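Only one structure is covered here, and it is reproduced in the block below.
Along the sequence shown, the residues carry numbers beginning at 1. Keep in mind that this is a model prediction, so the values were computed, not measured.
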Amino acid sequence: MPLLYNNFQKKISAGLRVLKQMELDSVKPDPQTYSYLIAYCDCEEDIIKYYEELKCSGITVTKHIFMSLISAYAACGQFEKAKQVLLDEGIPVKSLNELRSALVSALASNGQMADALGIYEEIKQSGGDLEPRAVLSLMECLHSERDLNLMLQLLEELHDQGYWIEGCCRVISFCVRKKHLSTAVHLLKQLKDKFCDDELAAEVLFDEAFAIIAEEEPADVQFGVDLLQAIKSDIGISPSRKCLDFILNACVKAKDLQNSLLIWKEYEIAGLPYNVFNFLRMYQALLACGDHKSAEAMPTKIPKDDPDVRDVIRAFQVTYPKSTTPAKANKRPQQQENK
């Protein structure tokens with residue numbers, strides 16, 4: 001919080017220096033200058049001060065200034081005043097929907113989801129559409145298990161492909177975190193269809209889903225394996241190396257020997273030769289799971305000309321000493337020929 005406050009203060013100080021220099025040079029501030037200053041105010045008094053200065057200078061209040069007022073009031077916790085900005089008679093009718101969308105975004109971003117959703121419903125009932133950025137802001141703030149239907153509804157409102165892809169990725173992230181497997185697979189298939197001419201872009205987006213699984217605490221390896229199998233069977237694509245790396249990493253965290261062995265085979269099935277990183281991670285998985293017998297053969301497959309690699313192997317051996325607890329499975333991972 002202190003860092004965030006300091007950043008705000010630096011931005012305000014920079015704006016004030018620019019404003020002071022403009023006065024010395026007899027240059028009148030423009031709407032953009034005041035829009036910047038208002039947007040980064042951290043208290044109601046400063047908002048009022050700059051807005052009054054603006055009006056006294058005779059500058060026309062633009063759409064962006066109204067947006068800055070909404071954002072600033074919401075950031076200061078003055079939510080009713082943020083709503084009251086929309087009552088200003090100087091707002092052009094053509095800008096009203098955009099400003100209402102800005103209000104939805106500001107309220108959602110500052111924890112006022114009930115109010116944000118209420119205004120969203122009002123916009124829908126009046127025949128309007130939420131601006132894409134406001135749709136994404138709402139998605140970003142939805143975290144409850146029961147919010148999936150609303151997420152999907154919001155996704156349908158994104159008609160521009162760029163915004164739709166961004167929104168779809170957010171819904172997929174939500175589905176992975178909340179374990180909605182079938183919906184995640186359905187959306188990943190839609191993403192693949194969107195990127196039919198750009199396999200690399202699609203691969204990057206698919207990898208992001210598995211990155212979430214690797215980051216989670218505790219790691220839900222089985223969901224990752226189920227997602228992997230569904231992508232292979234329902235979408236018809238082979239997993240990337242990063243995808244398998246992420247799941248194998250999750251196996252280490254969960255000390256899941258059975259799925260470690262399964263994922264190890266998937267590299268070969270996908271035609272991906274094992275690299276040094278894979279050997280090290282599998283070695284760690286075997287040690288973490290207590291299968292020291294299988295682990296003993298792994299260092300012989302790892303090139304040790306790099307001192308960092310040798311250090312990692314030693315670190316694993318210290319971290320996972322031999323114990324009397326038997327491993328859950330005693331099946332050795334199949335080794336590819338180390339070419």
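Side-chain N or O atoms of D147 include one that pairs as donor or acceptor with a backbone N or O of S144 at under 3.5 Å. Judged by distance alone, the side chain of R241 and the main-chain N or O of P273 form a donor-acceptor pair under 3.5 Å.
Looking at Q190 and H186, their side chains do bring a donor and an acceptor atom within 3.5 Å of each other. Looking only at atom types and distance, the side chain of Q222 has a donor-acceptor partner in the side chain of D226 under 3.5 Å away. Checking Q317 against Y283 by side-chain atom types alone, a donor-acceptor pair falls below 3.5 Å.
The number of heavy atoms from other shown groups lying within 6.0 Å of NZ (K253) is above 12. In the displayed structure, R146 atom CZ is contacted under 6.0 Å by at most 12 heavy atoms of other residues, nucleotides or ligands. The number of heavy atoms from other shown groups lying within 6.0 Å of NE2 (H64) does not exceed 12.
Scanning all heavy atoms of the two residues, the minimum distance from Q229 to L262 falls at NE2-CD2, 4.0 Å. For the pair P303 and V309, the tightest heavy-atom approach, listed with the atom from each and the gap, is O-CG1, 3.6 Å. Of all the heavy atoms in A116 and L138, the pair that sits closest is CB-CD2, 4.1 Å. Nearest heavy atom pair, residue P321 against residue H292, reads O-NE2, 3.4 Å. Between A285 and S260, the shortest heavy-atom contact is CB-OG, 3.7 Å. Looking at every heavy atom in both residues, F79 comes nearest to A74 through CE2-O, 3.3 Å.
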- Item | Full working for side chain to side chain contact (heavy atoms under 4.5 Å, CB included) between S294 and M298 | CA-CA 7 Å; S294 297; M298 193 62 66; over 6 Å; no
Item to complete: Let me see the working for Y36 and Y40 under ring pair (Phe, Tyr, Trp, His ring centres under 6.0 Å), right down to the final yes or no.
Response: CA-CA 7 Å; Y36 176 92; Y40 287 104; 5.1 Å; yes
Going through the distances and angles, do R170 and L155 end up as a side chain to side chain contact (heavy atoms under 4.5 Å, CB included)? CA-CA 9 Å; R170 295 190 185 196; L155 183 61; over 6 Å; no
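No chain of hydrophobic side-chain contacts below 4.5 Å, direct or via other Ile, Leu, Val, Met, Phe, Trp or Tyr residues, connects W264 to F277. Under the 4.5 Å side-chain heavy-atom criterion for Ile, Leu, Val, Met, Phe, Trp and Tyr, I48 and I70 are members of the same hydrophobic cluster. In the hydrophobic clustering of this structure, V204 does not group with L188; members are Ile, Leu, Val, Met, Phe, Trp, Tyr whose side-chain heavy atoms approach within less than 4.5 Å, directly or through other members.
Pairs passing the side chain to side chain donor-acceptor pair (under 3.5 Å) check and including a residue from residues 230-239, sequence neighbours excluded, read K232-E266. The side chain to side chain donor-acceptor pair (under 3.5 Å) contacts involving residues 73-82 comprise E44-K81, E80-K83, where partners must be two or more places apart or lie in separate chains.
Here the side chains of Q125 and I123 are not in contact, with every heavy-atom distance at 4.5 Å or above.
Once rounded to the nearest 0.5 Å, the distance linking CZ of F174 with CD1 of I212 reads 12.0 Å. One distance of note links CZ of F316 with CZ of R281; it measures 6.0 Å at 0.5 Å rounding. Atoms OH and CG, from Y267 and N275 in turn, are 7.5 Å apart once rounded to the nearest 0.5 Å.
Aromatic ring centroids of Y34 and Y50 lie 6.0 Å or more apart.
Salt-bridge formation is detected for the pair E166/R133: a Lys NZ or Arg NE/NH1/NH2 atom is positioned less than 4.0 Å from an Asp or Glu carboxylate oxygen.
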